Amino acid sequence: VVIMKVESSSTSYWRANALETFTGRTWTGTQGFLESLESTRSGDAFVYSVPEVSPIPPGPTVTQTFRVQSVYTNYLFVGGDPVSLQIGQDLVLRTNLLRAIHSNRALGPSLVYTVDAVIPDLKPTDVVGRGSNYPNALNLYLSLPFRRAAEIAGPDQEATWRSIVSDGVPGGEEWAGLYALNREIIGEASDPYEITLRIERYLRRFFQYSLDPPPSDYSSPYAAFLFDTRSGYCQHFAGAMAVLLRYNGIPARVAVGFATGEEEEAGTYTVSTNNAHAWVEAYVPEIGWVA
């Protein structure tokens with residue numbers, strides 16, 4: 001089923017929202033939409049300004065037109081970081097700390113709007129060696145239902161970790177293998193970008209994409225993915241990678257929306273239900289959130 005057609009001079013994922021809270025079993029979004037977008041009238045359209053944040057990854061500002069069809073949505077999809085939005089309706093629009101844009105009422109099933117957004121244009125050299133001096137405001141994106149790797153002390157840290165999660169965390173025994181798996185993945189890497197790259201490469205190499213992963217006795221689908229089946233779809237890959245990033249002290253969250261879709265003609269992308277997607281965003285000091 002076609003969800004929308006997007007006209008854009010740059011490819012992107014079309015982001016709806018992000019999930020920032022991990023319970024051990026699920027990723028959920030708990031951030032309220034508290035900041036209203038101010039609007040001005042321009043002919044028959046209303047232009048909504050999205051409050052700026054700093055920093056955001058550098059890149060060109062691109063105009064994107066979304067033609068949504070066959071669906072009702074409270075979220076207005078955006079590629080990149082939104083600057084402004086233009087639509088032919090007078091709406092109550094709000095944003096949250098996750099940079100999502102939300103309407104107080106469902107819109108659709110047909111909807112046309114235009115967004116100006118900054119599409120990040122980064123090279124590896126832009127994000128390597130940035131250190132881990134994260135603002136305190138990002139502690140939310142480091143939260144886990146168990147301790148992080150750097151918080152495990154003692155001569156036998158793996159044994160200490162197993163004891164802590166097995167005895168002190170509900171369902172923690174399912175995560176007993178996390179310390180050893182993490183050491184296998186990251187080795188002696190200390191730079192956050194290098195750690196991130198090793199996690200991504202490990203999951204790509206040793207885990208299988210499947211829309212029908214095998215059953216598991218684990219209650220947490222993410223623990224099952226990491227330690228049992230090693231098989232799953234985008235939510236498993238993204239959620240597991242975000243857990244591993246946080247475990248290594250790197251702020252992370254799970255973005256949700258749609259992949260780019262099929263380019264039927266230059267600059268026009270057809271996005272269907274098959275393109276529903278989840279991916280990881282990690283924070284880089286002095287750069288901002290990077291997909």
Side-chain angles (χ1 to χ4, degrees), residues 13 18-20 22 24-27 120 122-132 134 141-152 157-162 164-165 172-218 220-256 259 277-285 287 289-291:
Y13 285 167
L19 312 177
E20 85 291 348
F22 183 63
R25 295 185 180 183
T26 60
W27 280 94
L122 295 167
K123 302 180 293 295
T125 52
D126 297 325
V127 294
V128 71
R130 293 282 177 172
S132 55
Y134 303 113
Y141 307 102
L142 289 169
S143 177
L144 291 169
F146 38 71
R147 296 186 190 181
R148 298 194 296 271
E151 299 171 323
I152 309 303
Q157 294 182 0
E158 182 179 351
T160 301
W161 163 258
R162 288 180 173 273
I164 290 172
V165 293
E173 66 279 354
E174 295 192 349
W175 293 93
L178 182 59
Y179 186 90
L181 176 63
N182 186 64
R183 296 310 309 169
E184 178 183 345
I185 294 173
I186 71 167
E188 299 303 317
S190 59
D191 179 76
Y193 174 71
E194 180 64 26
I195 291 172
T196 303
L197 197 61
R198 291 189 183 194
I199 293 171
E200 181 187 33
R201 287 174 172 173
Y202 189 93
L203 293 178
R204 287 183 184 276
R205 180 178 179 184
F206 295 109
F207 288 70
Q208 178 182 1
Y209 183 89
S210 173
L211 291 174
D212 188 24
S216 174
D217 291 333
Y218 283 74
S220 168
Y222 300 100
F225 174 76
L226 285 171
F227 310 118
D228 185 16
T229 66
R230 293 202 166 202
S231 176
Y233 40 90
C234 57
Q235 288 92 332
H236 295 98
F237 280 86
M241 182 173 177
V243 168
L244 286 162
L245 287 172
R246 289 189 178 189
Y247 191 62
N248 287 284
I250 301 170
R253 60 196 187 192
V254 177
V256 291
H277 196 44
W279 62 96
V280 179
E281 294 175 344
Y283 190 87
V284 180
I287 295 291
W289 288 100
V290 176

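Just so it is clear, the structure is predicted and the values come from calculations on it, not from any experiment.
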Hey, what do you get for [atom1] ([X]) to [atom2] ([Y]), rounding to the nearest 0.5 Å?
| X | Y | atom1 | atom2 | value |
| --- | --- | --- | --- | --- |
| Ile199 | Leu245 | CD1 | CG | 4.5 Å |
| Arg198 | Ile186 | CZ | CD1 | 8.0 Å |
| Ile152 | Tyr247 | CD1 | OH | 5.5 Å |
| Thr196 | Tyr193 | OG1 | OH | 8.5 Å |
| Gln235 | Trp279 | CD | CH2 | 11.0 Å |
| Tyr222 | Leu244 | OH | CG | 13.0 Å |

Salt bridge present between Arg183 and Glu188 (N-O < 4.0 angstrom):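 Answer for the salt bridge query: yes.
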
Charged N-O contact under 4.0 Å between Arg253 and Glu281: yes

How far apart are the closest heavy atoms of [X] and [Y], and which atoms are they?
| X | Y | answer |
| --- | --- | --- |
| Ser216 | Thr229 | CB-CG2, 4.0 Å |
| Met241 | Val280 | CB-CG2, 3.9 Å |
| Glu158 | Ala180 | OE2-CB, 3.5 Å |
| Ser231 | Ser210 | OG-CB, 3.3 Å |
| Ile287 | Val290 | CG2-CG2, 3.8 Å |
| Ala242 | Val254 | CB-CG2, 3.9 Å |

For the residue pair [X] and [Y], categorise the inter-ring angle as parallel (less than 30°), tilted (30 to 60°) or perpendicular (more than 60°).
| X | Y | answer |
| --- | --- | --- |
| His236 | Tyr233 | perpendicular |
| Phe207 | Phe225 | tilted |
| Tyr283 | Trp289 | perpendicular |
| Phe22 | Trp27 | tilted |

Output yes when a side-chain donor or acceptor of [X] lies under 3.5 Å from a complementary backbone atom of [Y], and no otherwise.
| X | Y | result |
| --- | --- | --- |
| Trp161 | Trp175 | yes |
| Arg246 | Tyr141 | yes |
| Asn182 | Tyr179 | no |
| Ser220 | Gly24 | yes |

Residues Glu174, Phe227; criterion side chain to side chain contact (heavy atoms under 4.5 Å, CB included); working and verdict: CA-CA 8 Å; Glu174 295 192 349; Phe227 310 118; 6.0 Å; no

Criterion side chain to side chain contact (heavy atoms under 4.5 Å, CB included) on Tyr202 and Leu181, from CA distance to verdict: CA-CA 11 Å; Tyr202 189 93; Leu181 176 63; 3.7 Å; yes

Heavy atoms from other residues, nucleotides or ligands near CZ of Arg147 exceed 12 (cutoff 6.0 Å):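 For Arg147, atom CZ is not crowded (no more than 12 foreign heavy atoms under 6.0 Å).
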
Over 12 foreign heavy atoms within 6.0 Å of CZ, Arg25: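 For Arg25, atom CZ is not crowded (no more than 12 foreign heavy atoms under 6.0 Å).
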
